[in-house]
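See below for the structure under consideration.
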There are 2 protein chains.
Amino acid sequence: MIFSTELLKGTLKTIVLKLLADNSKMYGYEITQRVKELTGDKIQITEGALYPTLHALEAEGLLTTEVEYMGKRVRKYYSLNESGKARSKEKVSELAEFIETMTFLLDLKKKTLNVLPQ
Amino acid sequence: MIFSTELLKGTLKTIVLKLLADNSKMYGYEITQRVKELTGDKIQITEGALYPTLHALEAEGLLTTEVEYMGKRVRKYYSLNESGKARSKEKVSELAEFIETMTFLLDLKKKTLNVLPQ
DNA sequence: AACAATGCATCAGTTTCTTATGTATTATTG
DNA sequence: CAATAATACATAAGAAACTGATGCATTGTT
């Protein structure tokens with residue numbers, strides 16, 4: 001199933017921030033491919049959505065950029081700065097709580113045994 | 001926390017369809033209050049979003065309506081027809097799978113013990 | 001009497017996407 | 001080796017789904 005795209009709305013920034021929190025630097029095309037691969041093609045980020053989002057995050061002062069050349073082809077690597085790391089945690093927490101709320105609201109709960117990390 | 005609204009986008013129809021699947025009939029204002037109550041004020045559906053959504057679901061042929069008067073004040077009750085019931089299941093399943101995918105992607109998993117319903 | 005809550009509705013404006021288009025380089029394949 | 005696919009950036013028109021404001025009327029509360 002490829003999700004009807006309206007569900008994705010609002011989650012793109014969070015996805016990008018999370019990936020950048022887990023990887024010290026990534027470039028745009030890499031992000032689209034990583035998401036596709038991690039979700040078994042269920043979530044496909046379009047470039048028309050991604051690049052403006054990266055520019056917006058940069059304009060918000062959350063990212064630093066670094067250009068690298070692969071032969072003659074350019075790659076623009078993005079990294080989180082300190083604000084970006086903080087924002088990433090906030091956005092992931094917010095989405096986690098949203099998911100929890102929706103799970104309850106839609107009665108999707110399974111019996112859960114929480115095992116604390118050691 | 002009241003969720004930054006962009007997360008809600010795309011989930012409203014599903015929420016409405018789910019509530020109507022669980023309750024034989026509901027009216028608009030009742031839906032807003034039920035969601036508010038069920039989520040501890042975390043999700044607040046605005047009337048500007050809800051009424052157009054109800055009209056859209058009706059136009060898609062998923063709902064039947066029934067007007068009732070409380071004194072001089074009108075209430076418009078909505079119910080799912082057969083198509084609506086089917087669509088409700090589809091949308092809830094889709095959102096459930098989306099949530100599962102996002103949970104994995106954002107690394108939000110907890111150790112889970114699934115207990116089958118009796 | 002004033003205000004809050006109940007109950008419907010519409011609409012301009014905003015945000016966030018999709019889809020199309022553009023440009024260029026590099027790898028693959030018949 | 002020519003055509004096509006993949007890699008890699010970017011922008012922009014239009015669509016979708018909201019928010020927030022506004023409007024109207026009735027009923028409950030202080």
Side-chain angles (χ1 to χ4, degrees), chain A residues 2-17 19 25-37 41-60 63 65-78 91 94-95 98 102, chain B residues 2-17 19 25-37 41-60 63 65-78 91 94-95 98 102:
Chain A
I2 294 174
F3 299 111
S4 70
T5 55
E6 73 255 12
L7 286 178
L8 248 346
K9 285 204 182 182
T11 63
L12 180 52
K13 271 191 183 177
T14 306
I15 291 171
V16 170
L17 288 170
L19 283 179
K25 61 175 191 175
M26 295 185 86
Y27 57 99
Y29 188 75
E30 185 184 14
I31 292 174
T32 66
Q33 298 308 301
R34 185 70 58 84
V35 169
K36 206 176 146 187
E37 164 201 322
D41 290 10
K42 283 180 210 159
I43 296 181
Q44 306 215 16
I45 294 180
T46 64
E47 295 174 296
L50 180 63
Y51 290 116
T53 295
L54 285 169
H55 301 161
L57 290 171
E58 193 183 0
E60 287 175 52
L63 307 182
T65 63
E66 187 185 340
V67 167
E68 206 167 279
Y69 282 88
M70 311 299 293
K72 285 181 185 173
R73 195 153 55 187
V74 73
R75 270 186 193 170
K76 203 163 160 191
Y77 277 97
Y78 293 90
K91 294 287 272 180
E94 188 191 359
L95 185 47
F98 177 72
M102 287 297 299
Chain B
I2 294 173
F3 298 112
S4 69
T5 55
E6 74 255 12
L7 287 178
L8 249 345
K9 285 198 183 185
T11 63
L12 181 53
K13 270 190 184 177
T14 306
I15 291 171
V16 170
L17 287 171
L19 284 179
K25 61 175 190 174
M26 295 185 85
Y27 57 99
Y29 188 77
E30 184 184 14
I31 292 174
T32 66
Q33 298 308 303
R34 186 69 59 87
V35 170
K36 207 176 146 189
E37 163 200 322
D41 290 8
K42 283 181 207 157
I43 295 182
Q44 307 215 14
I45 294 181
T46 63
E47 294 174 297
L50 179 64
Y51 290 115
T53 295
L54 285 169
H55 300 162
L57 290 172
E58 194 182 0
E60 287 176 51
L63 307 182
T65 64
E66 186 185 341
V67 167
E68 206 168 279
Y69 282 88
M70 311 300 293
K72 285 181 184 173
R73 195 153 55 186
V74 73
R75 271 185 193 170
K76 204 162 158 191
Y77 278 98
Y78 293 90
K91 295 288 273 181
E94 188 191 2
L95 185 48
F98 177 72
M102 287 298 300

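To find a chain, count down the sequence lines: A is the first, B the second, and so on, and within it residues start at 1.
Looking at B/Tyr51, B/Tyr78, B/Tyr77 one by one, the single match for ring-ring contact (aromatic ring centres under 6.0 Å, His included) with B/Tyr27 turns out to be B/Tyr77. Of the residues A/Lys76, A/Lys25, A/Arg73, the one that meets the side chain to side chain contact (heavy atoms under 4.5 Å, CB included) test with A/Glu68 is A/Lys25.
B/Arg75 places its CZ atom 15 Å from the C1' atom of D/dA25, with the value rounded to the nearest Å. For A/Lys9 and C/dT16, the NZ to P distance is 10 Å, given to the nearest whole Å. Between A/Ile15 atom CD1 and C/dT16 atom C1' there is a gap of 13 Å when expressed in whole angstrom units. Rounded to an integer number of Å, the gap from NZ of A/Lys72 to P of C/dT23 is 18 Å. Whole-Å rounding puts the A/Glu58 CD to D/dC9 P distance at 13 Å. When the P atom of C/dT6 is taken as reference, atom OH of B/Tyr29 falls 3 Å away, rounded to whole Å. Atom CZ of B/Arg34 and atom P of C/dT6 are 14 Å apart (whole Å). As a whole-Å value, the separation of A/Met26 CE from D/dA8 P is 12 Å.
Of the candidates C/dT25, C/dC8, D/dT19, C/dC8 carries the atom nearest the B/Val74 side chain, counting heavy atoms from C-beta on.
Looking at which nucleotide of DNA chain C each of A/Leu50 and A/Gly71 is closest to, the 5′-most match is held by A/Leu50.
When heavy atoms are screened at a 4.0 angstrom cut-off, B/Arg73 is found touching base atoms of the nucleic acid.
Note that OG1 of B/Thr65 is 9.5 Å distant from NE2 of B/His55, once rounded to the nearest 0.5 Å. Rounded to the nearest 0.5 Å, atoms CD1 (A/Ile31) and NZ (A/Lys36) are 15.5 Å apart. To the nearest 0.5 Å, atoms OH (B/Tyr29) and CD1 (B/Ile45) are separated by 13.0 Å. Separating the CG atom in A/Leu7 from the CE atom in B/Met102 is a distance of 10.0 Å, to the nearest 0.5 Å.
At the phosphate of D/dG20, neither OP1 nor OP2 sits under 4.0 Å from any side-chain N or O atom of B/Thr46. Remark: A/Tyr27 is in phosphate contact with D/dA8, judged by side-chain N or O atoms under 4.0 Å from OP1 or OP2.
With sequence neighbours excluded, the residues satisfying salt bridge (Lys or Arg N to Asp or Glu O under 4.0 Å) with A/Glu60 are A/Lys13, A/Arg87.
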Check nucleotides 10-14 of chain D against the protein and report each pair of N or O atoms closer than 3.5 Å, with its distance, or say if there are none.
{"residue": "D/dA10", "atom": "OP1", "partner": "A/Lys76", "partner atom": "NZ", "Å": "2.9"}
{"residue": "D/dA10", "atom": "OP2", "partner": "A/His55", "partner atom": "NE2", "Å": "3.2"}
{"residue": "D/dT11", "atom": "OP2", "partner": "A/His55", "partner atom": "ND1", "Å": "3.4"}

